[in-house]
Amino acid sequence: MTGRSAASKTASKKRRGRRAALEEPSVDAARHLETYRQMVRIRVFEEHANDLYLTAKMPGLTHMYAGEEAVAVGVCDALRRDDYITSTHRGHGHCIAKGARLDLMFAELLGKAAGYNRGKGGSMHIADQENGNLGANAIVGGSAGIATGAALSARLRGTDQVVACFFGEGALGQGLLYEVMNMAQLWKLPVIYVCENNLYNEYTHFEETTAGTILDRPRAFGIHTAEVDGQDVMAVATVTAELVERARQGEGPSFLLAHTYRYYGHHVGDIQRDYYRSKDEEAHWRSERDPIALYGAWLQERDIATADELGTIEAEVRDEAEKAVAFGLDAPYPDEGEVTLHVYA
Amino acid sequence: MTGRSAASKTASKKRRGRRAALEEPSVDAARHLETYRQMVRIRVFEEHANDLYLTAKMPGLTHMYAGEEAVAVGVCDALRRDDYITSTHRGHGHCIAKGARLDLMFAELLGKAAGYNRGKGGSMHIADQENGNLGANAIVGGSAGIATGAALSARLRGTDQVVACFFGEGALGQGLLYEVMNMAQLWKLPVIYVCENNLYNEYTHFEETTAGTILDRPRAFGIHTAEVDGQDVMAVATVTAELVERARQGEGPSFLLAHTYRYYGHHVGDIQRDYYRSKDEEAHWRSERDPIALYGAWLQERDIATADELGTIEAEVRDEAEKAVAFGLDAPYPDEGEVTLHVYA
Amino acid sequence: MSTPSRTVEPRAAAGVRTITFAQAVNEALAEEMRRDPAVFILGEDVAEAGTPFKVLSGLVDEFGPERVRDTPISEAGFAGLAVGAAMTGMRPVVDLMFGDFLTLVMDQLVNQAAKTHYMSGGKLKVPMVLRTTLGATRRSAAQHSQSLHAWVSHVPGLKVALPATPYDAKGLMKAAIRDDNPVVIVEDKLSFQDKGPVPEGEIVIPLGQADVKREGTDITFIATSSMVVVALRAAETLAAQGLSAEVVDPRSMVPLDTATLVESAKKTGRVVVIDEGHQSYGVSAELAAVVADGAFYHLDAPVKRLGAMDVPVPFSPVLEDLTVPTPEQLTALAREMCGARS
Amino acid sequence: MSTPSRTVEPRAAAGVRTITFAQAVNEALAEEMRRDPAVFILGEDVAEAGTPFKVLSGLVDEFGPERVRDTPISEAGFAGLAVGAAMTGMRPVVDLMFGDFLTLVMDQLVNQAAKTHYMSGGKLKVPMVLRTTLGATRRSAAQHSQSLHAWVSHVPGLKVALPATPYDAKGLMKAAIRDDNPVVIVEDKLSFQDKGPVPEGEIVIPLGQADVKREGTDITFIATSSMVVVALRAAETLAAQGLSAEVVDPRSMVPLDTATLVESAKKTGRVVVIDEGHQSYGVSAELAAVVADGAFYHLDAPVKRLGAMDVPVPFSPVLEDLTVPTPEQLTALAREMCGARS
Ligand SMILES: Cc1ncc(C[n+]2csc(CCOP(=O)(O)OP(=O)(O)O)c2C)c(N)n1
Ligand SMILES: Cc1ncc(C[n+]2csc(CCOP(=O)(O)OP(=O)(O)O)c2C)c(N)n1
Ligand SMILES: [Mg+2]
Ligand SMILES: [Mg+2]
């Protein structure tokens with residue numbers, strides 16, 4: 001049903017073709033390393049988030065993006081800062097990829113006033129307006145309307161902004177998605193629906209919840225589609241760049257299906273999970289399909305970076321993340337008076 | 001976008017093939033005349049309903065099915081009495097086709113206690129449980145879940161009942177439809193989604209509200225589809241019989257797209273309508289595509305009935321309808337005490 | 001039993017025209033769309049058709065189909081689009097044909113629009129208006145007759161206005177469009193052809209200001225939307241019988257002008273709350289509770305409520321008319337509360 | 001400020017086990033599914049996963065995946081399926097993971113399930129149960145913490161039950177499944193691990209019977225769901241201070257046992273209604289209005305309400321805990337109402 005390997009091959013071919021054509025290798029190299037760093041930042045962020053939960057320092061629970069880094073980073077690589085994204089309950093990766101600071105994110109996850117949402121949103125509602133992140137959403141599929149409306153707004157305001165709407169394959173169960181895809185195509189709105197198929201809706205394999213073929217759904221509305229190996233960040237970036245270009249040119253919406261995998265449980269507390277997915281499957285993805293390892297190897301193969309350079313990036317990120325956690329832990333909670341603030345603008 | 005004429009040709013060919021194979025011409029003739037009568041009953045019913053409205057005898061407003069008779073009658077021709085249908089705001093045709101009595105229907109439209117729903121439902125909620133009509137619905141697309149649930153119920157109860165879910169093409173805008181089509185296909189439920197494309201969502205042409213190609217929508221869920229000339233009652237009956245057979249055999253849901261037209265306005269009060277559809281278009285459908293005239297001619301061509309016989313049927317129906325109207329007008333209103341009855345079972 | 005005619009007594013004055021409720025709404029929208037290019041309308045058949053109620057007729061001619069935008073029959077979808085558009089610089093006005101369809105947009109309205117400002121710690125805002133209807137006795141049966149404003153009134157982050165006159169319809173709509181929050185405006189679908197005095201020029205009625213529609217001393221009627229005219233009629237009847245009823249229209253459920261309601265209750269000592277939502281768990285409960293608490297030591301009788309009956313709205317006219325409070329019922333109740341015998 | 005522990009005082013007796021709220025619900029479902037083959041469950045991750053709250057664990061092993069049916073993430077869709085299944089001979093129990101998702105099923109629940117029996121003139125019925133949750137202080141933020149039972153309580157044709165103890169959870173669930181109407185059962189998601197006494201064997205608690213959870217003479221606490229334990233704790237504290245509080249749990253909002261509430265109010269003369277829904281336009285308004293009316297001539301103080309604050313539920317623990325009524329707040333309010341000075 002997934003056609004993953006075929007898609008992956010096509011995407012890889014395209015990617016090589018396009019990247020080879022880039023003109024300034026030094027600029028290109030810096031950008032590659034930045035892309036690498038962004039993926040590592042997400043990975044390390046999630047390690048800390050998991051740790052904070054397991055040591056009972058973080059309130060509530062949270063959904064880890066580790067394993068899916070190439071999707072968020074690849075997509076956001078193709079966006080401008082003033083483009084918008086909407087995100088999901090599994091939203092840390094999108095937030096970081098779109099340009100957020102780790103310290104303000106940890107502060108948010110810890111419910112502190114310094115957080116992106118002053119501690120009022122938490123993991124499932126983190127938003128970063130300055131970088132165009134309209135927010136994570138705890139309603140599955142809940143941001144499909146918002147993303148499409150932001151695209152309508154871009155058109156009405158006469159800008160060439162584009163919107164990327166992230167959602168998991170579970171959101172294909174929500175009728176809202178079909179309602180808004182129809183309008184997006186009717187009105188040729190600049191929105192890219194990014195379906196992150198990590199194989200599971202919570203504790204159920206998506207094949208048990210998804211009839212037919214995923215890409216036939218957007219196609220039924222006449223929406224342009226693409227499929228990509230979500231573990232290959234360059235492939236994601238390349239195909240997204242094409243979709244963004246179409247959208248900016250007024251050619252309308254598109255739907256990108258990215259095949260990916262989450263390393264952790266559905267949420268941090270989902271630890272006994274063999275009843276719905278095997279340890280072998282997890283091990284396979286981690287060892288053979290890790291987006292950071294794959295990209296790191298690719299960068300080394302082409303002499304864009306050495307192992308040492310990549311190690312330095314990771315060390316820098318670990319340092320950044322540790323400071324960010326410390327910042328979050330030390331930051332004060334909001335004043336009690338904040339509870340009644342911001343109900344109304 | 002519609003591909004109507006192609007579909008019509010294919011359906012006609014199939015129909016001739018199948019009908020020719022029927023063994024007992026006398027039984028067959030009787031059935032044909034019954035089918036004809038049902039269409040005439042709908043047409044005449046609607047004439048009276050319109051009249052009752054225009055003479056201010058009928059409360060509220062109502063949506064006329066005239067012009068679309070072949071869809072309801074063709075579909076219900078292929079159903080058993082214990083099969084279910086769900087219907088729409090434009091539901092008189094479905095109700096009659098599934099076996100309802102005109103007198104109890106008029107009583108309902110007039111808000112009388114003798115009506116199918118004791119006057120509590122009216123035109124938009126008319127239901128006839130004994131004949132398997134689970135009810136008209138004033139929420140566009142609102143019965144898609146009910147129909148699919150009735151199909152699930154049939155399977156859980158171990159019967160071979162089938163459900164036909166009628167809706168207008170406007171209901172393609174409702175996300176619910178996609179949610180339930182997905183489940184119907186996943187669970188191979190015996191439900192037939194009957195999309196009556198009469199070209200208009202209220203006062204807007206469906207092409208302004210419908211991106212892509214209609215049949216690609218069910219197909220995206222892997223649902224079997226068929227397309228038919230909704231003015232050709234035999235074509236509708238024949239193709240529906242195939243879909244019903246599939247459903248009874250456990251082969252799952254299907255989607256039938258029927259191309260049709262409503263003769264009156266969106267509702268009885270929609271009289272000035274040239275701003276959204278031309279008088280020429282209306283005239284064309286009435287004169288060239290009338291399902292009753294087409295079927296009448298077909299019956300005469302093949303010597304199944306004479307013009308006189310058809311005239312007699314119409315006269316009988318007119319008589320039945322007049323008595324039914326009189327019954328409805330004479331019938332008493334419900335007692336005031338009924339207002340608090342049936343809130344709870 | 002017959003439906004009361006719906007024309008509110010005009011309070012005519014110089015420079016004041018008499019226009020319909022529908023015209024007042026139409027004017028408010030047109031003026032705001034002229035003033036602010038961010039304002040646009042979306043919904044089903046809002047453009048050429050001007051909605052089935054014809055309230056928006058003509059707007060598409062002036063503002064074009066991009067700003068008066070016909071949508072597919074996708075209430076959740078276009079409500080969601082409005083939220084996203086509002087978050088990014090626009091001021092959408094969503095037209096939701098029947099209040100009964102609130103059922104379809106609750107997630108976008110409640111989980112998205114209402115909470116975004118708060119959840120984002122004040123960073124994002126959602127300046128949108130959702131216009132919809134309430135009211136029975138139109139013979140539209142159970143799925144096209146509900147008055148569901150209690151639901152949205154219960155949701156922090158939403159504001160909720162219920163105009164009862166053309167004047168209020170215009171002034172509240174203009175305030176709602178300028179408000180930086182999601183505002184739900186619920187209009188009585190039977191009032192669109194009612195006429196009332198509306199001055200030329202700018203009218204903006206701040207949300208949260210009750211209006212004393214008639215002064216009185218013996219009893220207070222707190223009436224919303226379609227029930228304001230019922231209360232005024234009852235007050236007239238009572239006046240002829242020597243009883244002086246005050247009619248207070250809160251005009252918005254959120255914010256609620258508690259002070260004006262309690263003040264009137266303290267003055268008269270007797271209160272009936274009249275609202276067309278189902279009585280149980282309706283807004284009449286909140287209004288009654290607020291007044292019974294705030295004016296406790298001044299009340300001569302328990303606060304009474306008249307809401308719609310707790311039954312789905314029946315189609316049959318003889319039944320439907322029983323479900324909505326009437327001036328006759330209110331008059332009788334008021335007389336009983338004031339100790340007058342009939 | 002900390003969340004009160006949620007274990008209701010056990011009233012132990014012979015043949016009575018102490019089980020969790022989750023076990024009580026699970027038992028009720030298992031017993032009814034054994035008794036009646038028409039009963040089946042559908043919802044997200046109800047089968048192997050037994051729901052994220054693990055309340056349904058094990059049921060799929062006994063009844064199989066046809067009767068404990070995992071669905072796609074399509075709340076409106078599967079609620080709709082339940083309506084159709086219920087109309088045609090089945091008795092579905094819909095599992096709606098979070099009460100916040102009521103937003104997604106309102107049309108199927110309100111326009112379809114609730115009205116079908118009435119609209120059909122009594123011909124069709126919809127015997128279905130919708131189980132969902134309420135309650136904040138779980139650090140789940142604004143879209144997973146709401147207590148929206150006021151909405152469904154406002155809808156004629158629906159019954160609404162709010163069990164507060166394992167005993168009530170079992171008995172109300174069994175009654176709901178046997179009821180021929182659509183019944184919404186809202187469970188406090190923080191109570192699933194709370195323990196309480198539940199006798200072996202059949203328990204069916206008729207909907208519409210309030211339960212006096214503690215007798216008292218000075219003041220009445222009318223408390224729902226999660227707030228019952230808050231009221232009981234406050235009553236204990238007050239008892240130590242010489243004030244006797246009665247705790248009445250209506251157990252179902254619809255039908256409402258008005259008589260028991262009013263009787264208690266008449267006896268004590270002072271009433272506080274405590275509920276975890278937002279206070280404004282919440283069920284606390286209806287309960288307060290009913291009591292203020294019914295016991296008017298017996299009240300020594302205005303009926304007071306303690307609901308959740310009228311704010312979206314904030315994530316930060318320090319803020320979230322402020323939004324829900326606590327035993328301390330209730331104790332202070334009760335002392336003030338009884339004229340005791342602290
Ligand atoms: C409307 C809605 N239904 C159910 C849930 C509970 N829930 C949270 S995440 C989730 C699974 C989502 O799966 P998917 O969309 O594939 O995203 P993933 O978690 O795999 O990233 C569910 C069912 C929810 N948050 N919102
Ligand atoms: C959910 C919902 N939205 C809007 C309406 C108002 N409405 C009634 S009929 C109709 C048009 C339906 O078009 P279609 O489905 O094609 O059916 P037709 O009237 O053509 O038979 C609309 C918009 C409604 N009843 N329900
Ligand atoms: Mg997934
Ligand atoms: Mg149509």
Side-chain angles (χ1 to χ4, degrees), chain B residues 84 86 108 113 115-122 124-130 132 134-139 141-157 159 161 163 165 174-184 186-187 189 191 334 338 340-345, chain D residues 37-40 42 65-67 69-92 94 104-105 107-108 110-128 155-159 179-183 207-208 254-255:
Chain B
Y84 294 114
T86 64
E108 187 59 36
Y116 268 111
N117 307 25
R118 304 196 59 78
K120 284 172 157 172
M124 288 206 290
H125 302 293
I126 198 157
D128 174 13
Q129 197 191 7
E130 284 175 26
L134 296 176
N137 209 306
I139 301 298
S143 79
I146 293 171
T148 311
L152 173 60
S153 161
R155 237 197 46 182
L156 289 171
R157 288 180 291 108
T159 77
Q161 288 163 298
V163 187
C165 173
Q174 292 284 313
L176 178 72
L177 183 65
Y178 305 93
E179 297 191 4
V180 301
M181 286 200 299
N182 184 42
M183 287 186 272
L186 281 171
W187 303 333
L189 301 180
V191 52
E338 286 236 9
T340 52
L341 215 69
H342 304 133
V343 181
Y344 294 98
Chain D
V39 180
F40 73 107
L42 78 174
E66 290 270 305
R67 290 183 71 196
R69 182 174 291 259
D70 275 345
T71 64
I73 309 175
S74 304
E75 285 81 5
F78 63 74
L81 261 64
V83 179
M87 283 166 72
T88 55
M90 299 299 292
R91 291 187 171 269
V94 173
L104 295 164
V105 303
D107 195 65
Q108 294 305 310
V110 173
N111 281 331
Q112 312 298 340
K115 297 181 177 30
T116 290
H117 187 63
Y118 191 85
M119 290 191 309
S120 71
K123 282 190 184 172
L124 295 163
K125 53 195 172 88
V126 186
M128 66 181 265
V155 179
L158 297 180
K159 296 186 177 179
D179 202 290
D180 274 344
N181 300 285
V183 181
L207 301 171
V254 184

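On a predicted model such as this, the values are computed, not experimentally measured, just so you know.
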Q: Do you know which of B:Met124, B:Arg118, B:Gln129 has the most heavy-atom pairs with chain D at a distance under 4.5 angstrom?
A: B:Gln129

Q: Any idea which heavy atoms bring B:Ser153 and D:Ala85 closest together, and the distance?
A: CB-CA, 3.7 Å

Q: I need the B:Tyr84 OH to D:Met87 CE distance, nearest 0.5 Å.
A: 9.0 Å

Q: Quick check on the interface: out of B:Leu189, B:Thr148, B:Asn182, who has the most heavy-atom pairs with chain D under 4.5 Å?
A: B:Thr148

Q: D:Arg69 versus B:Leu156: any side-chain heavy-atom pair under 4.5 Å?
A: yes

Q: Who among D:Gly84, D:Gly77, D:Ala38, D:Gly80 has the most heavy-atom pairs with chain B under 4.5 Å?
A: D:Gly84

Q: When only pairs under 4.5 Å are counted, which of D:Pro156, D:Pro37, D:Pro72 shares the most heavy-atom pairs with chain B?
A: D:Pro72

Q: Provide the closest heavy-atom pair for B:Trp187 versus D:Leu81 in the form atom of the first, atom of the second, distance.
A: CZ3-CD2, 3.6 Å

Q: Looking at side-chain heavy atoms only, is the closest gap between B:Leu152 and D:Met90 below 4.5 Å?
A: no

Q: Is any side-chain heavy atom of B:Leu176 less than 4.5 Å from a side-chain heavy atom of D:Gln108?
A: yes

Q: Counting N and O atoms only, with roles assigned by atom type, does the side chain of D:Ser74 sit under 3.5 Å from a partner on the main chain of B:Glu179, one being a donor and the other an acceptor?
A: no

Q: With a 4.5 angstrom heavy-atom cut-off, is it the side chain or the backbone of D:Phe40 that approaches chain B, or both, or neither?
A: side chain

Q: Relative to chain D, which of B:Glu338, B:His125, B:Met181, B:Lys120 shows the most heavy atom pairs under 4.5 Å?
A: B:Lys120

Q: Can you pull out every salt bridge (charged side-chain N to carboxylate O under 4.0 Å, His left out) where at least one residue sits in residues 115-124 of chain D? Sequence neighbours excluded, please.
A: none

Q: At a heavy-atom separation under 4.5 Å, does D:Val183 approach chain B through its side chain, its backbone, both, or neither?
A: neither

Q: About how many Å separate CD of B:Gln161 and OG1 of D:Thr88, when rounded to the nearest 0.5 Å?
A: 7.5 Å

Q: Quick check on the interface: out of B:Ile139, B:Val163, B:Asp128, who has the most heavy-atom pairs with chain D under 4.5 Å?
A: B:Ile139

Q: Taking all atoms of both residues into account, what is the closest heavy-atom pair of B:Ala345 and D:Asn181, and its distance?
A: N-OD1, 2.6 Å

Q: Quick check: does any side chain N or O of D:Tyr118 sit under 3.5 Å from a backbone N or O of B:Tyr344, one acting as donor and the other as acceptor?
A: no

Q: Which answer fits B:Leu341, side chain, backbone, both or neither, if we ask what part of it has an atom under 4.5 Å from a heavy atom of chain D?
A: backbone

Q: Looking at every heavy atom in both D:Gly121 and B:His342, which two are closest together, and how far apart are they?
A: O-CE1, 3.2 Å

Q: For D:Thr116, which atoms come within 4.5 Å of any heavy atom of chain B: side chain, backbone, both, or neither?
A: neither

Q: Heavy-atom cut-off 4.5 Å, strictly under: side chain, backbone, both or neither for D:Ile73 against chain B?
A: neither

Q: Taking all non-hydrogen atoms of both residues into account, name the closest pair between D:Leu124 and B:Ala127 and its distance.
A: CD1-CB, 4.1 Å

